[in-house]
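Scroll down for the structure; my scribbles are underneath it.
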Amino acid sequence: MNKKLLGIGAVLIMAFAGYSLASFRTALTPYVDYKTARASAGTVQVAGGLAKASTRYDEASQRLIFGLTDEATGDLLEVRYEGVKPGNFEDAVSIVAIGRFNSAEKVFDADKLLVKCPSKYQGEEVEEKVYE
């Protein structure tokens, strides 16, 4: 009886471990370059800088369209995001778009955006004070 319970417990632990690993693998979203993103069928992450004067936002449909520029190669990727425009979007230092490439419309459809804004301390001189 004791061996039977031990066997059932081992099977349950293995099943739980297998389910956890499978769930974890599906939650991973790799960072890829723009060329790989255009060829990928699954969900990926792309990062870059906001292309100047490329932002279009329609308040009524809450559709944001903008260009991401790869700093290393200069490659441009058009991104479409449906949702509320992030605050300080135009001031972003870098943007990460998570989604998949729509090859029919030649646009990256982002489900999520991660916007990194400049630090409030960036570019400021820190004044040294000497206390005597």
Side-chain angles (χ1 to χ4, degrees):
M1 182 81 151
N2 209 5
K3 288 183 180 181
K4 189 175 183 180
L5 286 176
L6 188 60
I8 292 172
V11 168
L12 287 174
I13 289 172
M14 293 300 287
F16 178 73
Y19 176 75
S20 297
L21 182 62
S23 296
F24 181 72
R25 292 192 81 201
T26 59
L28 292 178
T29 309
Y31 274 97
V32 297
D33 60 7
Y34 297 173
K35 182 179 179 181
T36 306
R38 288 183 183 105
S40 178
T43 301
V44 295
Q45 296 185 48
V46 291
L50 180 63
K52 301 297 178 199
S54 68
T55 305
R56 298 183 309 274
Y57 184 66
D58 181 23
E59 295 264 348
S61 66
Q62 291 188 335
R63 180 177 285 177
L64 175 64
I65 299 173
F66 61 95
L68 270 185
T69 304
D70 186 344
E71 307 282 325
T73 64
D75 195 6
L76 183 69
L77 180 67
E78 187 174 34
V79 178
R80 177 174 54 201
Y81 172 72
E82 306 227 359
V84 177
K85 182 179 177 182
N88 298 331
F89 183 77
E90 283 79 16
D91 299 329
V93 173
S94 67
I95 300 170
V96 175
I98 303 169
R100 52 183 67 197
F101 189 73
N102 183 333
S103 57
E105 298 181 36
K106 307 245 188 275
V107 66
F108 187 85
D109 285 324
D111 300 321
K112 297 179 187 174
L113 294 179
L114 306 172
V115 179
K116 181 180 178 190
C117 294
S119 170
K120 68 179 183 178
Y121 302 109
Q122 188 174 356
E124 287 185 16
E125 299 265 328
V126 177
E127 181 180 318
E128 285 189 34
K129 294 186 179 183
V130 179
Y131 295 98
E132 294 179 19

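- Under the 4.5 angstrom side-chain criterion for Ile, Leu, Val, Met, Phe, Trp and Tyr, Ile65 has no cluster partners at all.
- The side chain to side chain donor-acceptor pair (under 3.5 Å) test applied to Thr73 returns Asp70, not counting sequence neighbours.
- By the side chain to side chain contact (heavy atoms under 4.5 Å, CB included) test, Ala39 pairs with no residue at all, sequence neighbours left out.
- Residues in residues 51-91 take part in these ring-ring contact (aromatic ring centres under 6.0 Å, His included) pairs, two or more places apart or across chains: Phe66-Phe89.
- Counting all heavy atoms, side chain and backbone alike, Ala92 lies closest to Val115 at CB-CG1, 3.5 Å.
- The stretch residues 78-87 participates, sequence neighbours left out, in these salt bridge (charged side-chain N to carboxylate O under 4.0 Å, His left out) pairs: Arg56-Glu78, Arg63-Glu82, Arg80-Glu105, Arg80-Asp109, Lys85-Glu90.
- Other cluster members for Ile8: Leu12, joined by side-chain heavy-atom distances under 4.5 Å among Ile, Leu, Val, Met, Phe, Trp and Tyr.
- Residues Ser54 and Gly67 share a closest heavy-atom pair of OG-N, 3.0 Å.
- Paired with Leu68 under the rule side-chain contact (heavy atoms from CB on, under 4.5 Å), one option of Leu50, Ile95, Leu76 passes, and it is Ile95.
- For Leu113 against Pro86, the heavy-atom pair with the smallest separation is CD1-CG, 4.3 Å.
- Residues passing the side chain to side chain contact (heavy atoms under 4.5 Å, CB included) test with Ala37, sequence neighbours excluded: Val32, Val44, Val46, Phe108.
- With rounding to the nearest 0.5 Å, the separation of CG in Leu64 from OG1 in Thr55 is 6.5 Å.
- With sequence neighbours excluded, the residues that form a side chain to side chain donor-acceptor pair (under 3.5 Å) with Thr36 are Asp33.
- Closest of all the heavy-atom pairs between Gly48 and Tyr34 is CA-OH, 3.5 Å.
- Considering every non-hydrogen atom in both Val107 and Val79, the closest pair reads CG2-C, 4.0 Å.
- Applying the salt bridge (charged side-chain N to carboxylate O under 4.0 Å, His left out) test to every pair with at least one member in residues 34-54, sequence neighbours left out, gives these pairs: Arg38-Asp75.
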